[in-house]
Every structure is written in structure tokens, then in C-alpha cells.
There are 2 protein chains.
Amino acid sequence: MSEVTRRPMMNLEDIAQLAGVSRSTVSRVVNNDPRVREQTRQHVLKVIAEHNYIPNIAARSLVTQRTQLLGLYIPYFVSDLFTDPYFPMLIQAITTRATEQEYDVMLWLRGSSISPDHFHQRVLDNRMVDGLILASTSRGDRLAQRLLERGQTFIVNGRPWENADEMNYVDTANVEGAQQAVEHLARLGRRRIGTITGRMDVISGYDRLTGYRQALERLDLPYDPALEVQSDFSETGGYLSMRRLLQQRPDAVFVASDHMAVGALRAIHEAGLSVPDDIAIVGFDDMPFATLAATNLTTVRQPVQRLGYLAAEGLIGLLEGKFTPPYQVVLPTQLIVRDTCGFPA
Amino acid sequence: MSEVTRRPMMNLEDIAQLAGVSRSTVSRVVNNDPRVREQTRQHVLKVIAEHNYIPNIAARSLVTQRTQLLGLYIPYFVSDLFTDPYFPMLIQAITTRATEQEYDVMLWLRGSSISPDHFHQRVLDNRMVDGLILASTSRGDRLAQRLLERGQTFIVNGRPWENADEMNYVDTANVEGAQQAVEHLARLGRRRIGTITGRMDVISGYDRLTGYRQALERLDLPYDPALEVQSDFSETGGYLSMRRLLQQRPDAVFVASDHMAVGALRAIHEAGLSVPDDIAIVGFDDMPFATLAATNLTTVRQPVQRLGYLAAEGLIGLLEGKFTPPYQVVLPTQLIVRDTCGFPA
DNA sequence: ATCCAAAATGGGAGCGCTCTCACCATTAGT
DNA sequence: ACTAATGGTGAGAGCGCTCCCATTTTGGAT
């Protein structure tokens with residue numbers, strides 16, 4: 001079919017012949033085996049370079065049973081990816097660490113045209129990757145469980161909902177982070193502190209709400225369900241939730257993501273109220289846009305890139321036997337005080 | 001090392017034995033070869049399902065010389081990825097189309113810790129992918145040329161700087177799009193139309209400037225070099241460039257990306273000027289954030305997702321002999337009139 | 001029943017690599 | 001001088017699959 005005449009690729013045997021040595025020796029040179037005379041090595045290396053020889057990965061994998069490939073599974077919806085830099089940051093960190101350790105990354109994004117089941121099956125049926133990173137899981141997602149049953153090596157970003165004890169994961173201390181935020185608001189004199197939550201089927205959303213509630217209890221502030229508005233991590237969600245919340249006249253709101261906080265700020269401004277004088281806001285994430293002039297959001301910083309970095313490193317360590325499962329890391333957050341919480345400058 | 005005892009994976013032979021047929025027959029079933037009796041097929045399928053058999057991709061690739069893997073090369077800097085949804089959108093579209101056609105996608109992101117040379121070499125040395133998509137190229141980048149010399153099948157997003165005639169690419173009609181924008185501004189009575197350009201080593205930046213200049217010429221508007229400020233596609237770049245440009249008192253500005261336009265608007269507001277009364281703004285891209293209430297940007301829409309979709313489809317078509325190189329597609333843009341250009345509502 | 005094409009199945013070779021083992025050459029130890 | 005250890009190299013098997021070709025089975029048509 002193709003009009004391009006593909007000259008057959010060189011293989012080990014060809015190079016061996018050209019260099020006047022055996023296949024084994026060429027293989028040793030390629031794999032940096034020390035048991036080759038320096039002179040021979042140089043000569044073989046020269047022949048390899050002259051003929052642009054590149055080893056056939058498939059053949060190597062067939063023998064070694066390893067591909068040096070990591071799978072990255074991102075079950076998120078299209079629209080979230082477009083506006084929220086969380087996943088780009090995570091992807092960046094993961095690929096960077098993987099590349100540093102001589103691994104490549106295969107990407108599975110849930111596309112709109114593919115059914116979740118078919119998508120799961122595709123991931124499960126794939127034997128090309130040595131290990132997997134699940135960028136996120138939501139409650140009721142069976143993928144992690146099924147991977148566990150298959151004996152696949154994988155690591156989850158965000159503590160899994162079920163069987164967390166026997167799984168490898170990296171996570172942020174979301175409960176504590178949310179507590180920090182609420183306690184900070186209380187310290188500044190706020191008493192009617194509301195919250196706009198993330199998705200309740202995502203562990204970080206759930207944990208941040210838990211942190212909010214625990215903080216209220218610890219601070220002896222009255223718990224008022226009307227001050228809790230469930231949302232979905234999106235900018236629009238934050239906007240709409242804040243409009244509802246405003247009717248309860250809160251003097252502060254802990255918003256479970258920066259993205260929602262931007263929407264919340266918009267709603268507040270539209271209502272003719274001012275931040276932080278009328279309402280103090282603390283977000284969560286510390287995304288790049290949090291520092292934009294119009295916003296300058298007080299927020300709880302989570303180390304997204306560090307998380308990605310450790311996920312890749314952890315998975316590779318597990319694969320290479322450097323770590324023993326379960327590999328579990330929970331990183332602390334940091335409160336970043338800016339303009340929206342009313343802290344005197 | 002690993003404490004997990006990995007039971008050896010099933011192979012074709014095992015399944016054949018269990019099903020009481022030959023390896024060949026199982027292979028036919030797995031590959032949907034019609035030359036198998038329906039009864040046999042069902043039986044084999046049952047055995048496969050019972051034992052969770054998954055074919056070994058490496059072994060298959062070794063024979064077929066194909067991996068069903070596409071490489072996606074994104075040479076962009078970290079910070080751009082975090083704030084600009086362009087690449088996430090592109091990645092999404094590419095992976096979606098690839099998945100639909102039974103291909104998987106391998107991702108190469110230039111990480112900060114890896115030198116460009118080493119990164120190129122990594123891509124060049126990789127024989128795992130059937131074909132490559134270069135998400136972007138900048139002037140002087142030798143990768144495309146070297147891939148061409150190697151006989152690799154690849155497709156570039158954005159017309160390549162050199163040897164474009166013999167390369168496969170998808171592109172936006174940037175020149176025409178910029179013309180549209182400037183002509184629209186002129187039609188609304190603006191006469192001192194400035195521009196904030198993108199990076200001049202990226203073809204889209206270059207083309208959009210060309211379009212701006214051509215439009216001025218065609219409209220018989222005076223060309224004033226001081227009204228051209230070179231920038232870099234970033235929000236901060238847009239902000240700083242607009243501050244400089246304001247000294248020239250333009251009554252309209254064509255900003256070569258929405259991202260820069262957001263920065264430009266910020267600079268204008270800071271200067272106490274109003275949009276569109278004092279200055280009309282047209283952006284380029286039509287990114288999701290362009291519609292945000294505070295902005296509602298008039299812009300030139302480019303079909304990013306369609307571009308990604310066609311890049312994947314084109315590459316796969318090329319690989320499978322359905323298309324003959326060169327595969328070259330240039331998609332038209334569309335002017336989206338919103339609030340920032342002063343068009344009466 | 002007989003024949004024959006077509007359908008279905010099996011066997012073997014080989015893809016390009018790694019890895020074990022055997023071998024040869026060199027050097028050191030007695 | 002003879003052995004033993006060491007460093008360097010080669011040969012062969014085999015990873016799990018596809019694909020060609022040979023062989024067997026099947027189901028009409030005669």
C-alpha cells in the first residue's frame with residue numbers, strides 16, 4: 001500500500017557481522033555490560049553509530065518481560081482538563097520523573113466518545129505497560145480493585161475509597177489542610193463560616209469537608225447545615241453555590257478549590273459585596289491563577305507537582321523492587337495568606 | 001526482590017491446550033479471523049475469558065512490526081502548559097481519535113530537568129511507536145528534519161518552518177484569521193490598530209503578524225512599526241506589551257492569543273481606560289476562558305480540537321496506507337464577535 | 001456411496017532480542 | 001612449569017506471537 005519503500009531495519013546480527021563480533025557482544029555493548037574489552041566496545045559503538053542501529057524494543061521486551069513503559073490513567077471529563085491546570089501539572093511532573101528514570105509514559109484519557117466500561121477494559125487488557133498510575137479515582141470506580149485482583153502494579157493519586165490499606169497511593173493531607181483554612185478564618189474573627197464543597201465522590205472533596213466540620217467542632221462554632229453547599233470543583237459550580245450561600249449571610253467561606261473560589265468571587269462581586277470586608281474567602285490548591293491581580297486568593301497550597309513526582313518515583317521503585325508495597329505517602333499542605341481572607345497586610 | 005509471587009502469564013499455547021485446539025486457531029480467534037467455526041470460536045473465547053488470557057503485545061509487535069502506539073511530542077515549557085488549555089485540548093482530541101481507532105498514545109513532554117538534545121535523542125531512538133505527532137515546532141528545531149531523514153512517519157501540528165512541502169501537517173489559517181480580525185476592527189471605524197504578537201519562532205505567531213500587516217496594507221491604513229509589540233503568547237507578556245503599546249495611543253489592538261489578551265485587558269483597566277470605548281480588543285484562539293464574564297472577548301476561533309482529531313486520524317491513515325503523503329490540512333478560522341471590539345449588541 | 005472444492009485446523013519457521021553456559025585466551029599464584 | 005582464576009567472547013535456546021503452507025474435515029453435488 002504505502003509508496004514508501006522501507007528498507008529493513010538493522011538488527012543485532014547485522015551489526016555483529018559488520019563489526020566482526022558475535023551477536024552477544026553487540027548486545028553487551030548496547031546494554032552497557034562491563035564484560036567487553038574497551039577496544040571492542042569502541043569499535044562496535046562506531047559500527048552502531050554509522051548504521052543508525054536502534055534496538056528493537058519489542059524483541060527486548062519479549063525476553064525481559066519489561067517495557068519501561070508507565071501507564072497514566074486520567075478518568076476525568078473533557079471540560080475539567082481544559083480549564084483546570086491540575087492535571088497538566090500532574091502529567092508534567094509524572095513524565096518528568098519517568099523520563100529521568102528512563103521510563104516512558106503512555107496516556108489514557110477518558111474521551112467523550114468512549115464508554116467508561118470499554119475504557120476500563122482497554123486499560124485492563126493492556127499488557128504493554130509495566131505499571132500504572134491512576135490520576136484519580138471516584139467512589140464506586142472498580143478499576144483499582146480489578147487491577148489489584150490481576151496483580152498489576154499500580155499507584156493511585158489520592159487515597160482510594162476502598163481497600164486503601166493494601167494499595168499504593170500518594171495523597172495530600174486534605175483534612176488537615178481544610179482545618180488550617182477554617183481555623184485561620186476563625187482566628188481572624190469570622191464566626192459564620194460556610195463552605196463550598198468539591199465532589200463528594202472524589203476523596204479530596206470528601207476529606208476537605210470532613211476537615212471543615214472537624215475544625216468547626218474543635219473551635220466550638222455552631223454547625224449549620226445550611227452553610228454547607230455541595231458543589232463539583234468547577235468554576236460555574238462555585239459561582240452558583242456562592243449565590244445560594246449568600247442568602248445565609250456568611251462572613252467567611254472555605255471553598256474547596258481555587259477554581260470554585262474564582263466563581264465564588266464572581267458571585268460575591270455581582271451581589272455588590274466586597275472581599276474580604278463583607279466575606280472572607282479561602283480556597284484550596286494554590287493554582288497559578290490564584291495570584292492573578294484581580295483575585296490574589298488566600299488558599300491552601302497542595303504540592304501537586306511533588307505528588308506527581310512521587311507517584312512516578314514510587315511506582316518505578318515498586319517495579320524495580322526498591323520499595324515494598326504498600327507504598328503510601330501523604331504530603332502536608334501549607335496555608336498561603338493573600339488578600340481574600342482579610343489578614344492585615 | 002519483590003515479595004509478590006507473580007504467576008507466569010498464560011500464553012497462546014496454554015489456551016490452545018486447555019481448549020483442545022492448536023495455537024493457530026486460538027490466534028485466529030483472538031484476531032477475529034473469520035476462518036474459524038463458530039462453535040470452536042465460542043469455546044476458545046470461553047477458555048480465554050475463564051483464564052483471563054491477554055495476548056502479549058511485545059511478541060505480536062515483534063512479528064507484525066507494528067505497535068498500535070502513537071507518539072505525541074510536546075516541546076513546550078512547563079509554565080505554558082499550566083495556564084494555557086491549548087495543549088490539554090489538543091492532547092484530549094488526539095487521544096480520543098487514537099483510542100477510537102485502536103491506537104494508544106505515548107506522551108513526551110519536555111521536562112525542565114532534561115536537556116533538549118537528550119530529549120530529541122530519546123524521541124529519535126525510540127522504535128516503540130508506529131508514528132509521531134509533533135504538537136508544535138519552533139524555528140530552528142531540527143527534530144522534524146531528522147525524523148524525515150530517518151524515514152519515520154510523522155505529522156506536525158502547525159506548518160513546519162522548513163521543507164513544509166514534503167511534510168505532513170495540520171494547521172490553522174492563521175494569516176487569514178488575523179486579517180479577519182483587523183478588518184473587523186477597521187470596519188468598526190478604528191484607525192490606529194496595533195498588535196501584540198506571539199513568539200516569532202513559532203509559525204502561528206509569525207503568520208498572525210503577517211496577516212495583521214497584510215490587512216493594514218489592503219485597507220490602506222498607515223503602517224507604524226511602533227504599533228507592533230513583540231510578545232510571547234503568555235498572559236504576563238500580554239500585560240507588559242500592552243503597557244508599552246498604550247503609550248502609542250492605539251484605538252484598537254489585535255492580540256495574537258486570548259491568553260495575552262487577558263493580560264492586555266488587565267493593563268488597560270489598570271491604566272483607567274475602558275474596553276471597547278477607548279480601545280477595542282480582538283484576541284485569537286477562542287479559549288474557554290474567553291467567555292468569562294469579566295472578559296467576554298471578541299476573538300478569532302481556531303478549531304484546536306478538530307486539529308488534534310485530524311492529526312491523529314491523518315497519522316493513522318498514513319500508517320495504514322489509506323492516505324498518501326504529503327497529508328496537509330489547513331482549517332479556516334471564525335471570527336467570534338463578543339464585547340471587547342465595540343460591536344453594538 | 002463417491003468425489004471435490006471449500007472450510008477449518010495444525011505445524012513449523014522465524015521475528016530480534018537476552019541470557020545462560022561453554023569456551024578460549026590471558027594473567028597470576030604456587 | 002603447571003594449574004587456577006579471571007576477563008572476554010561465542011553459540012544456542014527460547015520469549016510468545018503471526019503467517020505461510022500443508023493437512024484434515026466438512027458439506028454439498030454428482
Side-chain angles (χ1 to χ4, degrees), chain A residues 1 6-45 47-48 51-69 102 125-130 320, chain B residues 1 6-45 47-48 51-69 102 125-130 320:
Chain A
M1 272 290 192
R6 286 192 172 272
R7 45 179 156 50
M9 273 287 193
M10 291 251 134
N11 63 25
L12 264 192
E13 195 73 54
D14 299 332
I15 297 297
Q17 210 120 58
L18 288 162
V21 296
S22 76
R23 201 165 16 103
S24 307
T25 300
V26 180
S27 174
R28 288 189 189 101
V29 171
V30 169
N31 293 293
N32 273 316
D33 191 311
R35 297 171 304 170
V36 181
R37 193 154 35 117
E38 193 49 32
Q39 188 186 329
T40 316
R41 175 187 307 280
Q42 291 307 331
H43 179 223
V44 171
L45 245 23
V47 176
I48 287 176
H51 294 81
N52 273 323
Y53 167 71
I54 303 165
N56 183 316
I57 311 279
R60 175 181 291 165
S61 297
L62 183 55
V63 180
T64 60
Q65 305 282 23
R66 322 204 59 237
T67 54
Q68 299 290 111
L69 244 188
E102 301 289 313
D125 283 357
N126 190 289
R127 269 178 64 188
M128 200 177 309
V129 299
D130 289 340
E320 297 183 347
Chain B
M1 271 292 196
R6 286 193 172 272
R7 44 179 155 50
M9 272 286 191
M10 291 250 136
N11 64 25
L12 265 192
E13 195 72 55
D14 300 332
I15 298 298
Q17 210 119 58
L18 289 163
V21 297
S22 76
R23 200 167 14 102
S24 306
T25 299
V26 180
S27 174
R28 287 189 191 99
V29 171
V30 169
N31 293 292
N32 273 314
D33 191 311
R35 297 171 302 169
V36 181
R37 196 156 31 123
E38 193 50 32
Q39 187 187 330
T40 316
R41 175 186 307 281
Q42 292 306 332
H43 178 223
V44 172
L45 245 24
V47 176
I48 287 176
H51 293 81
N52 273 323
Y53 166 71
I54 302 166
N56 182 316
I57 311 278
R60 175 182 291 165
S61 295
L62 184 55
V63 180
T64 59
Q65 305 282 22
R66 324 205 58 238
T67 55
Q68 300 290 109
L69 244 187
E102 302 290 313
D125 284 356
N126 191 288
R127 269 178 64 188
M128 200 177 307
V129 299
D130 290 339
E320 298 183 346

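Since we're looking at a predicted model, the values are computed, not measured. Just so you know, these numbers use all the heavy atoms, side chains as well, and skip hydrogens, waters and symmetry mates. Order of the sequence lines sets the chain letters (A, B, ...), proteins ahead of strands, with each chain counted from 1.
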Heavy-atom side-chain contact between B/His51 and B/Asp14 under 4.5 Å: no
First-last contacting nucleotides on DNA chain D - partner chain A, under 4.0 angstrom, heavy atom: D/dG8 to D/dG16
Sorted by chain and number, sequence neighbours left out, side chain to side chain donor-acceptor pair (under 3.5 Å) with A/Arg41 holds for none
By side chain to side chain donor-acceptor pair (under 3.5 Å), A/Thr67 pairs with (sequence neighbours left out) A/Asp130
One would report the end-axis bend of the helix from C/dA1-D/dT30 to C/dT30-D/dA1, five pairs per end and rounded to 10 degrees, as 50°
Of B/Val44, B/Val21, B/Val26, B/Val29, the one forming a side chain to side chain contact (heavy atoms under 4.5 Å, CB included) with B/Val36 is B/Val29
For B/His43, check side chain to side chain contact (heavy atoms under 4.5 Å, CB included) against everything at least two apart and list the hits. B/Ala19, B/Val47
Contacts of type side chain to side chain donor-acceptor pair (under 3.5 Å), residue A/Asp125, not counting sequence neighbours: A/Gln121
Apply side chain to side chain contact (heavy atoms under 4.5 Å, CB included) to B/Asp33 and list each qualifying residue two or more places apart in sequence or on a separate chain. B/Arg28, B/Arg35
Contacts under 3.5 Å, N or O only, protein and nucleotides 7-14 of chain C:
residue, atom, partner, partner atom, Å
C/dT9, OP1, B/Arg37, NH2, 3.4
C/dT9, OP1, B/Thr40, OG1, 2.5
C/dT9, OP2, B/Arg37, N, 3.0
C/dG10, OP2, B/Ser22, N, 2.6
C/dG10, OP2, B/Ser22, OG, 3.0
C/dG10, OP2, B/Thr25, OG1, 2.9
C/dG10, O6, B/Arg28, NH2, 2.6
C/dG11, N7, B/Ser24, OG, 3.1
C/dG11, O6, B/Ser24, OG, 2.6
C/dG12, N7, B/Arg23, NH2, 3.2
C/dG12, O6, B/Arg23, NH1, 3.3
C/dA13, N6, B/Arg23, NH1, 3.2

Side chain to side chain contact (heavy atoms under 4.5 Å, CB included) filter on B/Arg23, not counting sequence neighbours, yields B/Leu12, B/Glu13
All side chain to side chain donor-acceptor pair (under 3.5 Å) counterparts of B/Gln65, not counting sequence neighbours: none
Of all heavy-atom pairs between A/Ser61 and B/Ala58, which one has the smallest distance, and what is that distance? CB-CB, 3.7 Å
For B/Arg127, enumerate each residue passing the side chain to side chain contact (heavy atoms under 4.5 Å, CB included) test, keeping only those at least two apart in sequence or located in another chain. A/Met9, A/Ile54, A/Asn56
Taking only nitrogen or oxygen atoms into account, show me every contact under 3.5 Å that the protein makes with nucleotides 25-28 of chain C, one pair per line with its distance.
none

When you look at CD of A/Gln42, are more than 12 heavy atoms from neighbouring residues, nucleotides or ligands closer to it than 6.0 Å? yes
